[in-house]
Structure formats: structure tokens, C-alpha cells
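Naming convention: chains lettered A, B, ... in sequence-line order (proteins, then strands); numbering from 1 in each chain.
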Amino acid sequence: MTLDAAWAERWMRRSAADMHAAREELTELDRRIGDGDHGVNMDRGFAAVASRLDDEAVPPRETVAQVLRLVATTLMSTVGGASGPLYGTAFLHAARVTNRADLDGAGVVALVEAAAEGITSRGRAVPGDKTMVDAWAPAVEAAERAADGGDAVEVLRAAAAAAADGAAATVPMIATKGRASYLGPRSAGTEDPGARSTAMLLAAAVAAAGAD
Amino acid sequence: MTLDAAWAERWMRRSAADMHAAREELTELDRRIGDGDHGVNMDRGFAAVASRLDDEAVPPRETVAQVLRLVATTLMSTVGGASGPLYGTAFLHAARVTNRADLDGAGVVALVEAAAEGITSRGRAVPGDKTMVDAWAPAVEAAERAADGGDAVEVLRAAAAAAADGAAATVPMIATKGRASYLGPRSAGTEDPGARSTAMLLAAAVAAAGAD
Amino acid sequence: MSFDHEDVEKGCVAMKKLLDDPAEAVVDALRGFALAHAGEIEVRRDPTYVLRAGGPAAGRVALVSGGGSGHEPLHVGFVGAGMLDAAVPGEMFTSPTPDQVAAAVQAVDGGAGVLAVVKNYTGDVLNFETGLELAQDSGVQVASVLVDDDVAVEDSQFTAGRRGVAGTLAVEKIAGAAAARGDSLGAVAQIAQRVVSRVRTMGVALTACTVPHVGRPSFDLPEDEVEIGIGIHGEPGRHRQAVGSAREITAALVEPVLEDLAPSGGERVLLLVNGMGGTPQSELYVVYGRARELLEARGLEVARSLVGSYVTSLEMQGVSVSVLVLDDELAELWDAPVRTPALTW
Amino acid sequence: MSFDHEDVEKGCVAMKKLLDDPAEAVVDALRGFALAHAGEIEVRRDPTYVLRAGGPAAGRVALVSGGGSGHEPLHVGFVGAGMLDAAVPGEMFTSPTPDQVAAAVQAVDGGAGVLAVVKNYTGDVLNFETGLELAQDSGVQVASVLVDDDVAVEDSQFTAGRRGVAGTLAVEKIAGAAAARGDSLGAVAQIAQRVVSRVRTMGVALTACTVPHVGRPSFDLPEDEVEIGIGIHGEPGRHRQAVGSAREITAALVEPVLEDLAPSGGERVLLLVNGMGGTPQSELYVVYGRARELLEARGLEVARSLVGSYVTSLEMQGVSVSVLVLDDELAELWDAPVRTPALTW
Ligand SMILES: Nc1ncnc2c1ncn2[C@@H]1O[C@H](COP(=O)(O)OP(=O)(O)O)[C@@H](O)[C@H]1O
Ligand SMILES: Nc1ncnc2c1ncn2[C@@H]1O[C@H](COP(=O)(O)OP(=O)(O)O)[C@@H](O)[C@H]1O
Ligand SMILES: [Mg+2]
Ligand SMILES: [Mg+2]
Ligand SMILES: [Mg+2]
Ligand SMILES: [Mg+2]
């Protein structure tokens, strides 16, 4: 099975619904170790993505790449905060490497790798800093492992599962990047909100593929 | 028995102690129907009176009138609020009519009358407005009645009792003067703080005479 | 009067204020104020008042105001060129005393007389009355104007009358400009009176405030209610209502103001949206926008605007809306230069 | 994104704010701001930014800043002659987006280039970085300076680095004056950098604040504790301590500032005491007085002062103390005329 532009659209609508539903949860995480706006930021950004997808007049989205580019520019211009340019760059870089119609397993690996690379190129965080990188980095590794024989959905599933574990693993970490870093040792004990939203995003990608 | 300058000093020191002790009580009354500073104002004013009395360098206080004049100017310059000029004028006018050494019954009547007149001349309130006048007006009447045969202490006692009743009678009244008047009907149900402090003041005068 | 240590401790904890001895809050703040604005203003003690640096301006009418502290920048922040010559601060929320008033008036008199701007509270009225008598006895020509712009007090027959609130700023600014251009005492008083007769205000409190030496909130307001028609000392207003939108609350302020002003339409007005001390600036501008819509819907032209926390009640959250019906002269005097710690243009 | 009625209701009740739709708080406030200051500033939408009325000044370097909203008057209130040419407001406490930054920079460029003043937060840094790249692509010469005056962040090796807080005001005022006198882009950037290297700040929160669309306080602070070293978004500081006297709290702010500045004594400084939004002015002056005593005890001369609520966190109660070590040129640029909605002299 391969993943097409329709999947990418479903992925984004599902993400919008998930971010809206998780608005309070993400905000509460960010309230504890940041400034309490991550849920609001993500909800605002993905609601804008969904509404642009609803808008017939919006540029073509016949390929996964076109959808992802639309997502990138929308997030970039509506999210703000640290997560806006990070997710924006992630989708922009992902769009660059998915320039064919459908994604197979290798295509998904390329997408996840490019997204993760986009985030580290902008944010210069490394695993262990307690940021969304702690979800993206294991996702990349898991995707790469799963690609060895796995189809697109299997790769996605592996990436999402690793991202969820990675996010959970941020709980005991002491943040050294982003707003949570100001807390020093007090940042331990709370999951990183951006890592959590990353895990949600990849889970939505799986769900969107499953609902195919 | 007559009342002399030493009595007047005792009256004021007692008042200072009483106002300090009643600070919270008066403030709470004023908080409910005014701006919550009457206890603080009275405490500040009478504390200043007591400390001026402690000061050897302060002008002579060999007569009741001299003591009352010192009280008047001290209250006037330290209390502020509505009650400052009211009590200040009361003591100033009282000083004017007590210009002999000791007070007999008639002298106490004159003192109370002059004080009450000072207050109404400044504040232009009438009985029923829910102000300190509702304590002073019955005090004057009671003093006048008691003077018919009564000595200074008896007159004072009658005045103080009437002031206390008068203050209590302000509870159901609707204020039409001072800050409590803004409350309209909502001012009913609370004793007027100024009427209460007036009752305390006259009670202190009695106590100061009793401790003679 | 001194507070024992326990009082202070308890007070601080309950209140969370940046103060040392709560009983000395006014004096401590004035000391900082004097240092921060040295060269512009001077703070005198015993009795306490604030005056413009540089001494009295010979031959020019001087303007003095004052009242309880806790409403800063009113009045001390308005001492300076084009506005007040002196301000007389009382204790927190408590009128100043006559000796302060008299000393301030005498200090600023330049021979042309002194106008006192008095907010209509029994305490202010009585203390200024006595203080001005004292000053007059010492040979100063005095006049006074009573500001009573608060339309929240409906039945002024059966109350101490309307209170002076944020409209006081307009009176002080415009009368200050009239004094600066050399008007006589009578003329300055008349201009001030004209402002008083044309300015109306209504305020709302979202939260109460706490007077330092009292240590507990000046009134109790349920979590989900606001007090419409609040006074600047936390005096109660017309009614309490559920917290509503800015649109609703602004309407509840603007309507009574317009009802009272009864404009015929076409008037040019000054719109002053004033924060009570603890209100974020963004909320003031939201209210300003709504108020302006309402005024324009009634055919008024908002020709001048001022938005900020100028006449406050310590840390109270809330806002007041003032409308002054301008004429050409009032607009010109409003526009005239002013240079004070809190208002400069 | 729209809030359903229940959200709004709940939010309002819990928060007691003068707002309509909490999600539209920034836009509603900007609408009021534009109307109140028409003729001085303009608010552009899609994307949103605020700029000086009158168009770009040809041949003069322009100054742009921005960041999350809720810190007003920073930055929008500092747009005007002698300070910012444009300000880019984000959502409440959320950095603005790159398209806003790019549009503002392009709008104010008068051909001599644009300096962006960026507070050091990951979000601001990333969004400005991208926005400035976009503006540069469109042919504007850009430079940027990062403000990181908050000494509360001790170990900047293991954090996102020091935050930009109230010292930003000094950077914007002084760089604005340098731009106004005609300095080149490189020279203005250097002056701004000099201010950054010489200004340090430390703040304290007495209460938390509530972001409108979040609807509950940004952090929890026990009734009897304060947060020393608070950031302007309610980021935690160095430690919590029992509420103390103004003297104690001020010392807890001034000491780390001086430790970091390590003055040798005899320096002339600017002392900025900044309210967080909900602090009564009287308390700011009390703190100012205490801070000044401490600086003078260390042999510093407080040559310039500013006291007020300029870099705020909505209705947060608290204060920050900033010290800028002046030299003759910085003092002169600080004194240079400025005419903005929030700062005028
Ligand atoms: N340098 C960085 N690299 C990667 N991710 C980061 C970095 N800084 C912050 N983040 C992520 O951003 C998240 C916070 O996003 P958000 O709350 O929307 O923005 P802000 O911190 O500006 O309020 C953090 O939980 C973290 O995962
Ligand atoms: N016009 C008046 N005549 C007589 N007494 C008055 C008048 N106005 C106010 N008072 C008295 O003053 C008291 C309030 O005093 P206080 O709280 O010290 O001053 P303020 O009202 O200025 O805060 C009231 O309780 C009332 O008894
Ligand atoms: Mg955040
Ligand atoms: Mg009172
Ligand atoms: Mg009072
Ligand atoms: Mg944020």
C-alpha cells in the first residue's frame, strides 16, 4: 500500500481534530514547564490548515508534496511561538523530498527524515534536550529500521510508536532548550509538550492511513 | 465633682487606647459601608494625640480648654478623611466654651453641645442621615436633661449612654451623608462607624472620670 | 503610629505588596517619587505636599489638587508645566489634612491666586475647605472647583453627591493650560467649572483592592460578578452583574454617561478610558474600541482620546469611561503642551 | 479558530477580563489602539503589524521589534518618532510569525536598512530569523540584535540562554535615537549591541497572570510566596521565597544584577523600575527608592531613571529592576526626544 495526496489531506484533518481535542492537555503540559500556549498554538495552526484545505480556491494539492507545502506555509504563518517555525520547516523540508505522487515505505522514511532534519536545522536541539527532537529522532530510527521490508503504513506505524515512546521518555529529562530550559531541574517530571504533539501528529498519520 | 485638665488628659489617653483596640472593629464597619479606613484614621489621630501629650515641650495644658485645643489641632492635622475635620472642629468648638479650669454639670453640657454644633456646622448632617450626628444629637439631649441636678460625671454618663443608643440606632438607617450614602438602601444593616467612634469617645470620657 | 512586626508580616503575607511598613507606604513611595523626578518636582514634608521645582511663577495663577493616595498617578504625577503646581497626597484612600492644603497653597502662590481642584468626597471637601480658609487667612487669594463627574451616584439629593473620579484629569489638564496661558483666577475657575459641567464618568470593578494598612480587600466581590458604577475607593456602584463581554460591560458604562450628558448629536468629545490600576493595557484598548463605537452610533465625534491607567485604585482591576463634550477652547487647552511625570505632550 | 459560546463564557467567568472573544483579544485591542492613536501610528492587517504614520523615512535606518502580545506597551506603544518604526505583535505571549516580520520590515525600509530588535526566546529568534530572511530576499538590508538582559537565567550554557525582558525598552529607545540622528545600519546595530552588553534585569512575580485564550493562571504561586527571577511570560525564575518586605525583595533583584554587571564603582547608570502590569504605581516607587539606595551603596550614580509599567505580563503583580551602565553617548541618546504612545519626552 502507498500513501497519496488524499491520505495527506486526511492526515491533516485528523491532526486538526486531534489538536483541538488535545488543546487542554498540551496547554497544561506547557503551562507546567513553558508558557502554557502550546495547545492553543497547535489548535490555531491546524485549524487554519483544515480551513485552507476546505477552501476550493487554495493552490493545487494533487501530490503529497503539494499538501505538505500548504501545511508548511500555513503553520509558519499562523502558529508563531517556537513550534511554528519548527513544524513549518519540518513540513517544508518533508515536501521537498516527497515530490512524487505516492509514498511507499522508503518514501515515508524520507518524509520523516526530512521533517526531523528540518527541525534540528532550525532549532539546533539534540536528543536529550527535552524537545520535540526527542520524539522525532527515535521516529527516524524506527522508520529506517521498519523500511527494511515494511510498506508505507508499517513504516509510519513504527515511526509513530517510537515517537510516542520518545515523548514519554522526555518525562524525567531536564530541559536544555526552549522555554522549559529556564526551569532547570524543575522541568523534570513533565512530558515535553512539543514531543507530545509530535507523537500525536505521527499517530494521526497512521490513523489516516488505516482509515484508507 | 468637677472635671479638670488631668481628666481631659486621661480621657484622651484612654481614647487612644480604645481606638487602637477598636481599630479592626471600626475598620470593618467602614469596610462594609464606606472605604474601610475609619479605624485606621482614628487610631492614627489619637495615637498622635497621645504622643503629643507625652511630649513635654508641647504647649501648656493646664485647663480643659488647652487640652481640647491640642486635641483639635492634632486630629485636624493627622486624621484626614471626613472624620478628621469633623472631630477636629468638634474639639475646637468645645475648647472655646470650656475656658475655665474645671467643668461642672453645666460645663459638660456646654462641651457636648459645642462639639455637636461643631460637627453639624462642618458636615451639615442632620439626625437620621446615618452619621456621627446620630450619636451626638441624642448625647446633647441626654446631657441637657441630666444637667437638671446632675453633676459633671452624671451628665457625662447620660451623654455616653445616649450616644451608644444613638449609634446602635443607626444600624437600620439608610445613609444620606458621607461615603455610606453611595450605598443607598444597601447601607442599612451596618452601624455607622463614626457614630460608633463617637459613642466610644464619650464612654472613654466617663471611664476617665471614674478612674479619678 | 507604628505597626508591630507581626502586623506587618501578616499584612504582607495576606496582601502580597511591595512595601516595607504598610503604615509608611505613602511616605516611602513619595521618597522614591522625589528621587526619580528630581529637578522636575519636589516633595516637602511636615506637612507633606508635592510641588513643581523652580518655585512659584510670579503673576500666574497656580493650580493645586489633592486627595487620598492610592490613585496614582493622580494627583502627584500631574504636577508640572501645564498642569498642577502642587498636589497634596493624603494617606491611602484618605483625604489629606487642612495643614497640608494650606502649606501647598501658600507655597505655590505667585500673587495671582490659587485654584484648588477638589474631588467631591465629604473628606476632601471638609479638609480642603478648612485648608483654604487657613491659606486665605494668610493672604492668598483662593478659589475652588468641585469635581463630581461620576454618574454612578444617581440620587445626589439623598447622598453626599456625585463623586469626583477620572474626569478630574481633564479638569486638571485644561485648567492647568488656562493658568499657563495667563488667565486670571476667576477665568481659570470658570474654565475648570466648564469642564466639570461637561464631563461624565462611569466605572466598573472586576476585582477589589487592598489598602496596605488595612490588609484585606476593601469589598467582597464574588468570582463571577463585577461592580458597575464603582467609586475609586471601592465605594459600591449601581449594581452587581455577572461578568459579561467587553461589549456588554462597556455599554453598561457608556449608556448612563450618555443618558446624563444627553448630547444632541454632532458634538465633538474627548473619550478617556481609564484603567483602575491592575488592568492590562490591551483590555483598556478593547474597551476604548467598544466605547468609541457606541459614541459614534450616537452621532458623537471622538475628536480626542486618552487611554491608560491615570486615576487608579491601587491594584484594582477595572476601567472607567469618561466623556467630555469639547468646544474649540477646551480642545485647544487639552492640546496645549504638558510636561509632568505621568502626562507629557 | 472560533470558540464556542460555552468556552467564552467559562473563560470570562474564570478570568474576569474585559474582552469579547478571548481568541480575538489581540486584534480587538489593536483596533482600539489604531483608533486612539490615529495620525501617529497605523495598524496593518493580514499580516498584522503596527507602523509609524507617514511612511518610511528615506535614507534613515528603520527600527523594528516585536514579540508576543500581552506585554504592552512593549512593543506597539513604542512606535513613533525617536524609537520604533514598526512593531510586530504576536498572539498573547506567542511570538509573531515570519510573514508578519517580513511585511513590517519591508514596509518601513527607507533604503538605509532595517535593524530588528529581538528578545531572546526560541520562538522570537526562529520567527524573526525566518522573517528577516524573507525580507532580505526581497532586497532589504537587514541586521538584528538579540536582547538577553535577564540575569535570572543563570546557566545559559544549558538553557535557551538569557531572556530579553525590560532592558529591551532601553535598547529600543537608544537605538531609535541613533537611527533618528542618521547613523548607518552598522552603527545603529553597534549602539544597540552596546546597550545589550551593559543592561541587566531581574524580576519578581507576586501573582501569576492569565492568558485570555488559556483561561487559567500561567503558573501556580502559593498565597505566601513570590517567584524571584520571573520571566515576562510567567516562566519560572531562580527560586520561590516567602513574601518579604520591599527592601528584601528589591535586594533579591538588585544583587544578582550587580553581581553580573560587576561595576567597579563610580559608573553612571540608568535605573529602570518596571511594573509587570498589575502593580500599583506607589509600590513601584517604593521599590525604586530601595533599589537606588542599594546602587548608591555600591558607589553607582543613578543619573537617569524611569519608573512605570512598560514591559508587562498582562495583569501580573510584580516588578523588575534594570540597570544600564551609561556612557556619555548612551546618556545623550537616552535623553534625545521621543514621541510614542507610551513614551514621550
Ligand atoms: N530549539 C528547539 N528545538 C526543537 N524543539 C524546540 C526547541 N525549542 C522549543 N522546542 C519545542 O517547542 C515546544 C514549545 O512550543 P510552543 O509552546 O508552541 O512555543 P513557545 O515555547 O514559544 O511558547 C517545546 O515543548 C519543544 O518541544
Ligand atoms: N457630613 C457628615 N456629617 C457628619 N458626619 C459625617 C459626615 N460625613 C461622614 N461622616 C462621618 O464620618 C465617618 C467616616 O469617617 P472616615 O471613614 O474616617 O472618613 P472617610 O469617609 O473620608 O473615609 C462616617 O461613618 C460618618 O459618621
Ligand atoms: Mg509555549
Ligand atoms: Mg472611611
Ligand atoms: Mg477614607
Ligand atoms: Mg509561547
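For a residue to count as touching a neighbouring chain, one of its non-hydrogen atoms must lie under 4.5 Å from one of that chain's; by this rule Met316(C) does not touch chain D. Both the backbone and the side chain of Glu315(D) come within less than 4.5 Å of a heavy atom of chain C. Of the atoms belonging to Arg247(D), heavy atoms from both backbone and side chain fall under 4.5 Å from chain C. When heavy atoms are compared at a cutoff of 4.5 Å, Arg304(D) does not approach chain C at all. For Gln317(C), the part sitting under 4.5 Å from any heavy atom of chain D is the side chain, from C-beta outward, and nothing else. Only the side chain of Tyr288(D) comes within less than 4.5 Å of a heavy atom of chain C; its backbone N, CA, C and O stay farther away. Interface remark: Ile249(C) contributes side-chain atoms only to the contact with chain D (heavy atom separation under 4.5 Å). With a 4.5 angstrom heavy-atom cutoff, Pro222(C) touches chain D only via backbone atoms. Using a 4.5 Å cut-off between heavy atoms, Arg31(C) touches chain D through its side chain atoms alone.
When Ala242(D), Gly70(D), Ala246(D), Gly32(D) are compared by the number of non-hydrogen pairs under 4.5 Å with chain C, Ala246(D) comes out ahead. Of the residues considered (Ala34(D), Ala342(D), Pro280(D), Gly318(D)), Pro280(D) shows the highest number of contacts with chain C, using heavy-atom pairs under 4.5 Å. The choice from Cys209(D), Ala25(D), Gly278(D) that makes the most heavy-atom pairs within less than 4.5 Å of chain C is Gly278(D).
Taking 4.5 Å as the limit, some side-chain heavy atom of Leu221(C) sits within range of a side-chain heavy atom of Lys16(D). You'll find the side chain of Arg290(D) reaches within 4.5 Å of the side chain of Asp20(C), heavy atoms only. Annotation: side chain of Ser282(D) is in contact with side chain of Leu314(C) (closest heavy-atom distance under 4.5 Å).
The backbone N or O of Leu18(C) lies less than 3.5 Å from a partner atom in the side chain of Glu283(D), making a donor-acceptor pair.
A distance below 6.0 Å separates the ring centres of Tyr285(D) and His37(C).
Separation of atoms CG (Leu35(C)) and CD (Glu293(D)) is listed at 8.5 Å; rounding is to 0.5 Å.
Environment of CZ in Arg339(C): sparse, with no more than 12 heavy atoms of neighbouring residues, nucleotides or ligands closer than 6.0 Å.
Nearest heavy-atom pair across Ser305(D) and Ala36(C) is CB-O, 4.0 Å.
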